[in-house]
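Residue numbers start from 1 in every chain, and the chains themselves are labelled A, B, ... in the order their sequence lines are given, proteins ahead of strands. Predicted model, so just to flag it, every value in this text is computed and none were measured.
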Number of protein chains: 2
Amino acid sequence: MIRYSLRQLEYFVLAAGEGSVVKAAERLNVSQPSVSAAIGKLEDQLGVQLLIRHHAAGVSTTPAGAQVLSQARNLLQHANELQDLAASTSQEITGEVHLASFVTLAPLFLPGLIDGFAVDYPGSRVHIHEATQEHLIDGLRRGRFELALLYDVDLPEDIETVALTQLHPYVLLHATHPLLKHDDVSLKDLEDEPMILLDVAPSRTYFLGLMRAAGVEPDIAFSSPSMELVRGLVGKGHGYSLLATRPHGDVTYDGEPLGVRPIRGPVETGRIVLASLGKLRPTRLMQVLTAYCVQHFEDKRNQ
Amino acid sequence: MIRYSLRQLEYFVLAAGEGSVVKAAERLNVSQPSVSAAIGKLEDQLGVQLLIRHHAAGVSTTPAGAQVLSQARNLLQHANELQDLAASTSQEITGEVHLASFVTLAPLFLPGLIDGFAVDYPGSRVHIHEATQEHLIDGLRRGRFELALLYDVDLPEDIETVALTQLHPYVLLHATHPLLKHDDVSLKDLEDEPMILLDVAPSRTYFLGLMRAAGVEPDIAFSSPSMELVRGLVGKGHGYSLLATRPHGDVTYDGEPLGVRPIRGPVETGRIVLASLGKLRPTRLMQVLTAYCVQHFEDKRNQ
DNA sequence: TCTTTACATAGTCAAAAACTATTCAAATTG
DNA sequence: CAATTTGAATAGTTTTTGACTATGTAAAGA
């Protein structure tokens with residue numbers, strides 16, 4: 001337990017520095033007895049006499065007071081630094097911010113996003129996290145990151161969002177698949193094909209929902225949480241898959257060519273949002289990063 | 001101006017560390033709302049949200065809160081060190097103490113004194129100052145040193161003293177002086193001799209007072225504040241001197257032999273005391289050093 | 001000697017911080 | 001899945017702290 005206050009220390013340091021309680025009081029814009037009392041109390045609480053009072057001739061430090069004085073100056077500087085740190089995290093456009101992303105979205109969007117941001121705000125540092133939807137929400141709530149890029153699906157009420165873009169789901173087929181003859185593919189046409197399901201919440205529910213909306217019961221041959229594994233299986237001809245994010249170059253990790261076709265008819269698109277915890281007051285850097293994300297996706301759409 | 005308190009920081013650090021306001025309150029022996037309110041206020045004053053409150057699941061730090069937390073831990077440790085420093089200067093027998101001495105007494109007494117003290121209290125450090133009576137009193141008042149070894153002559157009321165020893169004044173003559181035939185010397189016998197006066201307050205007044213008390217008007221040939229210069233002049237046969245402190249070996253700096261004889265009849269002795277400022281509350285080390293001085297001079301007398 | 005200076009003390013009042021009791025929402029349990 | 005428990009926030013009250021004005025006091029200085 002600390003038995004003194006920073007205010008007492010401030011009064012003491014100034015009075016000792018000026019050699020005068022009156023001058024210290026003037027500089028602090030408080031009354032002389034306030035300073036006097038604060039120092040007296042500080043002495044009681046520390047159990048040492050810090051100042052020698054002279055009549056009509058100010059004060060001087062005792063040898064013990066001189067030792068405390070230099071330590072106290074140090075401590076006050078330290079205390080000011082802490083205040084500055086806090087001020088800068090809430091006000092300035094410097095500091096650190098933790099941005100998380102849903103796994104499948106991360107490699108597609110984050111590199112371009114943080115790249116441009118780092119150029120515009122060189123004093124900032126953006127930390128990247130990848131997680132499943134569930135962990136993203138948990139992480140926001142526990143303060144592991146301030147912002148998360150994810151699908152606007154089944155988000156609880158305490159999570160606030162800003163819309164960024166929409167992703168149109170598509171059908172992924174191996175390069176020699178007969179359905180690639182058409183410009184688009186009806187989900188009905190896939191009824192008798194084996195499906196490779198990307199098994200990550202909320203994608204799983206989303207894709208299965210698309211199938212059910214089209215009145216099709218999918219035949220799930222494989223499922224995996226890894227998009228690259230799904231793409232690999234499709235590439236080897238084990239079935240089709242539905243995906244929303246689309247890596248550049250329709251080729252699997254092991255070099256198999258893939259084919260892509262839009263889904264025929266109206267489909268529910270995947271709404272990508274930037275989420276944060278509603279009860280978390282945003283720092284300045286958070287606000288700037290949010291605005292930057294919105295702008296970034298707007299620019300992309302207009303290209 | 002610092003806008004937060006160490007108490008708020010303590011509450012925050014403990015709550016963040018425990019992940020729980022309730023547990024922090026228990027460990028601090030205060031009520032839960034007190035901790036809650038203190039942290040809320042701290043957040044207002046720093047302008048940053050530090051904790052995320054969960055219902056029925058404690059609290060977690062925001063990323064900004066985590067930064068503040070580590071700084072705050074640091075600051076609190078620093079604050080505790082300051083308190084410990086103060087406690088040790090007033091309680092423990094370690095630390096620093098400044099001991100001053102009247103110039104003529106210093107070379108005679110201080111070496112043996114601080115030598116033994118340093119052995120008994122290895123954690124302590126005694127700083128030595130030498131000054132005239134006037135400067136000693138001023139130094140005590142201004143806090144340049146806590147203790148001073150000096151003559152108990154004309155001391156103001158605000159100076160407190162502890163008696164240490166008495167010095168018997170003696171007559172200093174050059175080695176071939178005829179008065180050395182006698183076992184002691186009457187001051188009357190010096191009436192027609194030139195006097196070399198040690199001109200330092202309060203010695204000057206003291207020695208002149210001795211002469212006047214014996215009904216002798218001294219013929220002052222030379223005067224100097226330096227005892228060694230006085231001894232040198234006596235050694236060269238320029239006159240006699242009266243002194244109280246007596247260096248070992250009655251020889252001047254330049255090798256002239258000296259003779260010493262006590263004063264015949266009753267004389268006022270020089271009372272050596274250890275002085276301190278009455279309004280200065282003594283630190284532990286001061287008390288110990290004072291006691292040590294008393295003991296040291298007692299031992300000397302009993303040898 | 002008289003005035004000025006500068007710190008301490010006394011007494012009052014407002015702000016801060018502590019407490020108890022209660023509320024509220026999520027997590028846990030039967 | 002309703003009931004209970006948990007843990008933080010809020011409301012209202014009391015105590016403590018700190019600031020103020022006015023006054024006292026003793027040394028410094030004119």
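- Between the CZ atom of A:Arg142 and the P atom of D:dG7 there is a distance of 13 Å, rounded to whole Å.
- Remark: C1' of D:dG7 and CD1 of B:Ile39 are 13 Å apart, rounded to the nearest angstrom.
- Between the side chains of B:Gln83 and A:Gln45, no donor-acceptor pair of N or O atoms lies under 3.5 Å.
- Atoms CG and CG, from A:Leu164 and A:Leu274 in turn, are 5.5 Å apart once rounded to the nearest 0.5 Å.
- Residue A:Ser20 has a polar side-chain atom (N or O) positioned under 4.0 Å from OP1 or OP2 of C:dC7.
- A side chain to side chain contact (heavy atoms under 4.5 Å, CB included) with B:Val68 is found for exactly one of B:Leu46, B:Thr62, B:Leu42, namely B:Leu46.
- Distance B:Asn29 CG to C:dC19 C1': 14 Å, rounded to the nearest Å.
- Distance from the side chain of B:Val22 is smallest for D:dG7 among the nucleotides C:dC7, D:dG7, C:dA17.
- Atom-to-atom, NZ of A:Lys41 to P of D:dT16 comes out at 11 Å; the value is rounded to the nearest Å.
- In the set C:dA8, D:dC20, C:dT20, the nucleotide with an atom closest to the side chain of A:Ser36 is C:dA8.
- Comparing B:Gly19 and A:Gln45 by the nucleotide of DNA chain D that holds the closest heavy atom to each, the one mapping nearer the 5' end is B:Gly19.
- If you measure from atom CZ of B:Arg7 to atom C1' of D:dG18, you get 13 Å, rounded to the nearest angstrom.
- Taking 4.5 Å as the limit, every side-chain heavy atom of B:Phe102 sits out of range of all side-chain heavy atoms of B:Leu149.
- In this structure, CD in B:Glu160 is found 10.5 Å from OG1 in B:Thr290, a value given to the nearest 0.5 Å.
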**Prompt:** Nucleotide by nucleotide, 5' to 3', does protein get under 4.0 Å of the base (B), only the sugar-phosphate (S), or neither (-) in nucleotides 22-30 of chain D, counting heavy atoms?
**Reply:** B---BBS--
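- Per the geometry, CG belonging to B:Asp44 stands 12 Å off P belonging to C:dA16, to the nearest Å.
- What separates CE of B:Met1 from C1' of D:dA19 is a distance of 13 Å, to the nearest Å.
- Between B:Lys23 and A:Gln8, the one whose closest nucleotide on DNA chain D sits nearer the 5' end is B:Lys23.
- Between B:Arg204 and B:Leu198, every side-chain heavy-atom pair lies at or beyond the 4.5 Å cut-off.
- For A:Tyr4, no side-chain nitrogen or oxygen approaches OP1 or OP2 of D:dT17 to under 4.0 Å.
- Of the side-chain N and O atoms in B:Tyr11, one or more sit less than 4.0 angstrom from OP1 or OP2 of C:dA18.
- A distance-only check finds no donor-acceptor pair linking the side chain of B:Gln77 to the backbone of B:Asn74 [under 3.5 Å].
- Closest to the side chain of B:Val21, out of D:dT21, D:dA8, C:dA17, is D:dA8.
- Among the nucleotides D:dA19, C:dC19, C:dA8, the one closest to the side chain of A:Ser34 is D:dA19.
- Here the CG atom belonging to B:Leu14 is positioned 5.0 Å from the CG atom belonging to B:Leu28, to the nearest 0.5 angstrom.
- Atom C1' of nucleotide C:dA17 and atom CG of B:Leu6 are separated by 16 Å, given to the nearest angstrom.
- One side chain, B:Ser60 or B:His54, offers a donor N or O that lies under 3.5 Å from an acceptor on the other.
- A donor-acceptor contact closer than 3.5 angstrom is absent between the side chains of B:Gln32 and B:Glu26.
- From one end of the helix from C:dT1-D:dA30 to C:dG30-D:dC1 to the other, with five pairs defining each end axis, the axis direction shifts by 30° (rounded to 10°).
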